[in-house]
Protein chains: 4
Amino acid sequence: MIQIVTGDARPIFKQIVDGIRMQVITGKLPVGSKLPSVRGLSMQLTVNTNTVAKAYTELLSHGLVESRKGLGLFVIKPKQILNEQEREDRLETAVDTLINETIGLDFNNDEIMHMVQSKLVQLYDKKTK
Amino acid sequence: MIQIVTGDARPIFKQIVDGIRMQVITGKLPVGSKLPSVRGLSMQLTVNTNTVAKAYTELLSHGLVESRKGLGLFVIKPKQILNEQEREDRLETAVDTLINETIGLDFNNDEIMHMVQSKLVQLYDKKTK
Amino acid sequence: MIQIVTGDARPIFKQIVDGIRMQVITGKLPVGSKLPSVRGLSMQLTVNTNTVAKAYTELLSHGLVESRKGLGLFVIKPKQILNEQEREDRLETAVDTLINETIGLDFNNDEIMHMVQSKLVQLYDKKTK
Amino acid sequence: MIQIVTGDARPIFKQIVDGIRMQVITGKLPVGSKLPSVRGLSMQLTVNTNTVAKAYTELLSHGLVESRKGLGLFVIKPKQILNEQEREDRLETAVDTLINETIGLDFNNDEIMHMVQSKLVQLYDKKTK
DNA sequence: GTGGTCTAGACCACG
DNA sequence: GTGGTCTAGACCACT
């Protein structure tokens with residue numbers, strides 16, 4: 001179940017993207033499964049259909065799902081589309097963001113490392129369950 | 001020296017905020033030191049003065065600097081404003097974001113951990129240099 | 001100047017994307033130049049601002065332009081983002097489309113090759129002029 | 001054998017149309033031969049009968065096949081419907097599309113020419129086999 | 001003034 | 001019923 005938080009820094013469509021991605025990561029939406037329909041999800045979240053459609057467009061362009069005309073969107077096996085340099089850059093940027101967000105909260109390195117480790121393991125557990 | 005990146009996802013004022021915070025953390029701007037003037041920094045970075053002013057306003061509201069009338073902005077000893085729960089939540093959210101961003105890039109846990117470790121060490125080095 | 005054709009098989013936003021791309025290819029929009037504003041272009045083409053915005057979003061995700069907040073969109077030097085396999089696949093798909101479109105028009109191989117060659121040379125000429 | 005690709009940009013009915021056209025061009029479906037029945041093909045491809053019916057309607061309107069009542073659809077000798085100008089225009093448009101699609105992929109002219117040549121030769125081989 | 005987000009509501013192509 | 005496109009009009013963040 002995706003939670004839309006109005007006070008969130010992220011726009012609604014991004015929250016939906018992240019929510020779907022998280023469900024894919026945790027295995028709630030396995031490869032081959034169908035995403036909720038645009039209209040269905042928009043009603044459930046009480047947001048406009050265009051907003052959901054925009055989120056879905058982003059998922060499409062990220063290669064996480066594919067569109068089967070008249071049927072809906074389906075989770076696909078992630079293809080490696082980006083080159084090595086680009087992949088590395090994106091990871092680096094994401095880590096920079098993490099550090100920037102946590103810096104000033106006065107965590108030491110071990111605490112941060114521990115949280116990352118713990119989250120990664122949690123995901124792995126959910127996935128293989 | 002703060003680097004403004006035009007293609008960055010962050011708005012310019014946020015890049016300035018982050019840049020100043022980083023200089024405080026790494027000790028380049030120790031407690032008690034004076035921030036560059038709004039006009040001076042805006043010329044140096046070739047950005048609008050409003051943009052720098054907005055960044056400084058944010059630093060003030062974050063309690064990282066204080067204004068001494070007629071003199072400028074000065075770095076102050078950070079007070080611990082957030083409670084434990086809030087700190088923990090922010091770290092958790094930041095880590096969730098990291099993991100969400102790296103999904104579909106098909107990195108394994110070790111690669112992510114390694115990048116985080118490496119970035120943290122880099123930061124530590126800068127600080128003690 | 002971009003031409004919007006209502007009877008075209010392509011949706012309007014795609015015609016805009018193609019039009020901008022063509023202007024980049026032919027050098028009418030060199031690297032570093034600013035795209036027309038969303039509102040300006042939408043008025044000029046008499047289409048909705050959202051339609052232009054959608055086209056611009058696509059150009060952004062294709063890495064052809066970057067957004068400078070509050071200033072507009074600017075053409076950037078194309079980064080090689082895709083891996084070799086993906087690049088090759090896309091070229092192959094594009095050529096398949098060409099052949100599929102021209103087949104049944106009873107052109108022989110030489111005529112097709114000649115048209116491709118001629119178009120490519122034209123572009124090269126415009127670019128270096 | 002027609003291949004239906006779920007992730008294809010083309011709708012399924014178009015894939016069927018293209019598939020049939022290709023079989024006619026390569027001689028697998030010579031003039032006078034009978035197309036598979038709507039129901040038979042729909043079962044074979046596991047697609048909706050409406051979808052196959054739509055594809056067949058398109059083939060009829062393109063003048064590639066004719067309907068013999070109670071017997072089915074038969075491949076007929078293609079009449080040249082388009083005039084010279086129209087043919088030339090279509091080829092030109094198709095080539096423009098090819099070039100537009102490959103922009104940003106940073107291929108040089110030779111690479112594009114080579115791919116076109118290679119695809120055309122492949123087709124020729126199939127035809128004469 | 002610039003792009004980015006969101007809503008409401010309509011229409012179309014596809015299966 | 002499914003997604004995809006388009007319009008009209010509003011509001012926000014950034015420079």
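Everything numeric here is computed off the predicted structure, so don't read it as measured data. Numbers restart at 1 for each chain; the letters A, B, ... are given by sequence-line order, proteins then strands.
Summarising the geometry, atom OG1 belonging to B:Thr102 is positioned 10.5 Å from atom CZ belonging to A:Arg87; distances are rounded to the nearest 0.5 Å. Between atom CZ of residue D:Phe13 and atom CG of residue D:Leu59 there is a gap of 10.0 Å, rounded to the nearest 0.5 Å.
Spacing between atom CG of C:Leu35 and atom C1' of E:dG1 amounts to 16 Å, rounded to whole angstrom units. Going from atom CD1 of A:Ile16 over to atom C1' of E:dT7 covers 13 Å, rounded to whole Å. Atom NZ in B:Lys14 sits roughly 14 Å away from atom C1' in F:dC14 (whole-Å rounding). Note: OH (A:Tyr56) to C1' (F:dT5) measures 18 Å, nearest angstrom. A straight line from CD of A:Glu66 to P of F:dG4 spans 12 Å, rounded to a whole angstrom. Regarding A:Ile12, its CD1 atom lies at a distance of 19 Å from the P atom of F:dA10, rounded to whole Å. A:Glu58 has its CD atom 17 Å from the P atom of F:dG3, to the nearest Å. Computed from coordinates, the B:Asp8 CG to F:dT15 P distance equals 11 Å when rounded to whole Å.
Between D:Leu45 and D:Ile12 there is no side-chain heavy-atom pair separated by less than 4.5 Å. Side-chain contact between A:Leu64 and A:Val75: absent, with no pair of heavy atoms (C-beta onward) separated by less than 4.5 Å.
Under the 3.5 Å distance criterion, the side-chain polar atoms of D:Thr46 are left unmatched by any main-chain donor or acceptor of D:Met43.
Nucleic acid contact for C:Arg68: none, since no nucleic acid atom lies under 4.0 Å from a heavy atom of the residue. Across all strands, A:Leu41 comes closer than 4.0 Å to no nucleic acid atom at all (heavy-atom distances). Residue contacts for A:Leu60: at a heavy-atom cut-off of 4.0 Å it reaches the sugar-phosphate backbone alone, with no base atom in range.
Both C:Gly70 and A:Arg39 lie close to DNA chain E; mapped to their nearest nucleotides by heavy-atom distance, the more 5′-ward contact belongs to C:Gly70. Residues A:Ser37 and B:Lys54 both approach DNA chain F. Their nearest nucleotides, taken by heavy-atom distance, put A:Ser37 toward the 5′ side. Mapping C:Asn48 and C:Lys69 onto DNA chain F by nearest heavy atom places C:Asn48 at the nucleotide closer to the 5' end. Looking at which nucleotide of DNA chain E each of A:Phe13 and D:Arg10 is closest to, the 5′-most match is held by A:Phe13.
Of the candidates B:Leu60, B:Val38, B:Ile20, B:Leu73 forms a side chain to side chain contact (heavy atoms under 4.5 Å, CB included) with just one, namely B:Leu60.
Judged by distance alone with a 3.5 Å cut-off, no donor-acceptor contact links the side chain of A:Asn50 to the base of F:dG4.
Salt bridge absent: A:Lys54 and A:Glu58 never bring a charged side-chain N and a carboxylate O closer than 4.0 Å.
Take A:Glu101 and apply the salt bridge (charged side-chain N to carboxylate O under 4.0 Å, His left out) test, not counting sequence neighbours, and it matches no residue.
Picking from E:dG15, F:dC14, F:dT2 the nucleotide with the shortest atom distance to the side chain of A:Lys34 gives F:dT2. Closest to the side chain of C:Leu73, out of E:dG3, F:dC14, E:dG15, is E:dG3.
Taking side-chain N and O atoms only, C:Thr51 has a distance below 4.0 Å to OP1 or OP2 of F:dT7.
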Completion exercise
With both pairing distances under 3.5 angstrom for Watson-Crick or G-U wobble, and | for a partner in another strand, the correct string for DNA chain F is ||||||||||||||.

